[in-house]
Amino acid sequence: VVGDYLDRGGNGLAIPMALVQDGQPLALNAYALCTAQPVLTRKLVVLVHGWCCNEDVWHFAPTNATYATKLQQDAGFTPFAVRYNTGMPIAENGAAFDQHMTALVAAYPSAIDSIVLIGHSMGGLVIRSACEHGAHAGASWLSLVRHVFYIGTPHDGAVLERFAQGATVALARTRNPVTRLVGRLLGVRSVGVKDLHDGGTAAVTPGVTALSWVPWLATARHHRLVGTLTDNPQHPVSQALGDGLVRVPTPTPGDSPESNPGDVTVFAGVHHMQLARDAAIYAAILATVTAA
């Protein structure tokens with residue numbers, strides 16, 4: 001919630017970005033990678049969690065399996081997961097993820113044929129930002145990305161953050177000192193969560209502002225997996241709130257494949273957090289990455 005504040009102050013509670021293995025940061029060198037993974041294959045899958053979470057959000061109970069470890073078992077992928085400070089601006093986390101992917105590919109002790117990226121909620125925006133940073137830096141890892149899965153990602157903004165911003169403005173304008181105090185407290189939420197208002201990912205293209213449209217990686221296939229609160233996606237509650245935090249995307253006049261690419265799959269009755277560990281969603285991911 002206040003991760004950017006902790007980072008600015010050099011607080012020891014601030015979370016640095018890292019690839020993690022069994023809850024511990026993973027050094028990005030060949031020895032550490034070989035030690036951490038029993039088999040290093042030519043296919044990688046990387047999980048990027050969402051706001052106020054860590055890599056545990058992906059765990060299926062009671063086994064602690066994740067989409068990545070299931071893909072390891074069923075399709076021969078080598079699994080990785082990222083942990084990061086979700087209070088930082090999405091642009092900064094995107095730049096850091098680009099650097100970590102560059103380091104991972106450079107340290108990997110064998111050739112890599114393909115990379116699959118899976119982002120939950122804010123994690124999908126971090127992935128988009130990383131791809132934008134990598135494209136401008138000429139990062140070699142981008143050419144290896146075959147599929148990107150955005151699970152409950154607020155490309156067009158998160159319902160809850162829009163409510164929080166409106167409430168902050170309204171409360172701050174009242175004459176009641178207690179109400180104004182609540183508004184000020186809402187106002188100190190991190191830049192990371194404020195970025196969710198418009199799905200901002202902070203491009204690095206000259207002249208493009210932080211909350212503007214960010215290009216999608218042209219060389220990868222993009223898949224948007226979304227949930228709804230009710231079993232009927234057309235129910236007014238599902239139409240208004242989507243999975244509780246993110247609405248189901250709807251095409252708008254003038255949309256082009258470049259501005260709104262990829263397929264959208266709706267998982268009715270699956271709420272926002274459940275999207276990170278759902279059997280039907282995993283089946284969809286597996287079918288996609290193993291399709292001829």
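We're numbering straight along the sequence, starting at 1.
When only modelled atom types and interatomic distance are considered, His272 and Ser121 share a side-chain donor-acceptor pair under 3.5 Å.
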Test side-chain contact (heavy atoms from CB on, under 4.5 Å) applied to Phe267 and Gln274, step by step: CA-CA 11 Å; Phe267 294 84; Gln274 184 61 30; over 6 Å; no
side-chain contact (heavy atoms from CB on, under 4.5 Å) between Lys70 and Trp58, worked out: CA-CA 11 Å; Lys70 284 176 172 289; Trp58 302 104; over 6 Å; no
Criterion side-chain contact (heavy atoms from CB on, under 4.5 Å) on Met17 and Asn93, from CA distance to verdict: CA-CA 8 Å; Met17 180 173 284; Asn93 278 323; 4.0 Å; yes
Residues Thr288, Val116; criterion side-chain contact (heavy atoms from CB on, under 4.5 Å); working and verdict: CA-CA 11 Å; Thr288 299; Val116 171; over 6 Å; no
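Residues satisfying the salt bridge (charged side-chain N to carboxylate O under 4.0 Å, His left out) criterion with Arg277, sequence neighbours excluded, are absent altogether.
Between Pro109 and Leu33, the shortest heavy-atom contact is CD-CD1, 4.2 Å. Of all heavy-atom pairs spanning Ala268 and Asp231, the tightest one is CB-O, 3.3 Å. Between Thr230 and His235, the shortest heavy-atom distance links the atoms OG1-CB, 3.3 Å. Contact detail for Val148 and Ala220: the closest heavy-atom pair is CG2-CB, 4.2 Å. Leu26 approaches Ala36 most closely through the heavy-atom pair CD1-CB, 3.6 Å. Of all non-hydrogen atoms in Ala276 and Val57, the two that sit nearest each other are CB-O, 3.6 Å.
Contact check for Trp141 versus Ile112: no side-chain heavy atoms found under the 4.5 Å cut-off. The side-chain heavy atoms of His100 and Val82, taken from C-beta on, include no pair separated by under 4.5 Å. Within the 4.5 Å cutoff, the side chain of Thr153 has no heavy atoms near those of the Ile127 side chain. No side-chain heavy atom of Asn232 sits under 4.5 Å from any side-chain heavy atom of Ser238. Residues Tyr5 and Asn11 fail the side-chain proximity criterion, which asks for heavy atoms closer than 4.5 Å. The side-chain heavy atoms of Cys131 and Leu142, taken from C-beta on, include a pair separated by under 4.5 Å. In this structure, Asp98 and Glu132 have side chains that are not in contact, with every pair of non-hydrogen atoms separated by 4.5 Å or more. Two residues are said to be in side-chain contact when any heavy atoms from C-beta on lie closer than 4.5 Å; Asp4 and Glu92 fail this criterion.
How far SG of Cys53 is from CE of Met122: 10.0 Å, rounded to the nearest 0.5 Å. With values rounded to the nearest 0.5 angstrom, Phe60 atom CZ is found 8.5 Å from Thr69 atom OG1. Distance check, rounded to the nearest 0.5 Å: CD1 of Ile15 to CE of Met88 gives 11.5 Å. In this structure, Tyr108 OH and Leu144 CG are separated by 11.5 Å, a value rounded to the nearest 0.5 Å. Between the CG atom in Asp263 and the NE2 atom in His223 there is a gap of 5.5 Å [rounded to 0.5 Å]. Note that the CG atom of Leu225 and the CG atom of Asp243 stand 11.5 Å from one another [nearest 0.5 Å].
At least one donor-acceptor pair closer than 3.5 Å links the side chain of Thr66 to the backbone N or O of Ala68. Counting only distance, with no hydrogens or angles, the side chain of His49 and the backbone of Ala81 share no donor-acceptor pair below 3.5 Å. Side chain of Thr78 to backbone of Leu40: no donor-acceptor contact under 3.5 angstrom is found. Looking only at distances, no side-chain donor or acceptor of Tyr67 sits under 3.5 Å from a matching main-chain atom of Ile118. Proximity of a side-chain donor or acceptor of Ser114 to a complementary backbone N or O of Arg146 within less than 3.5 Å is not detected. The backbone N or O of Leu286 sits less than 3.5 Å from a side-chain atom of Thr290, completing a donor-acceptor pair. Put simply, the side chain of His120 never gets that close to the backbone of Gly123: no donor and acceptor are under 3.5 Å apart. Remark: the backbone N or O of Pro79 is paired with a side-chain donor or acceptor of Gln37 at under 3.5 angstrom. The main-chain N or O of Gly242 is never found under 3.5 Å from a side-chain atom of Thr228 such that the two would form a donor-acceptor pair. In this structure, the side chain of Ser129 does not engage the main chain of Leu125 through any donor-acceptor pair within 3.5 Å.
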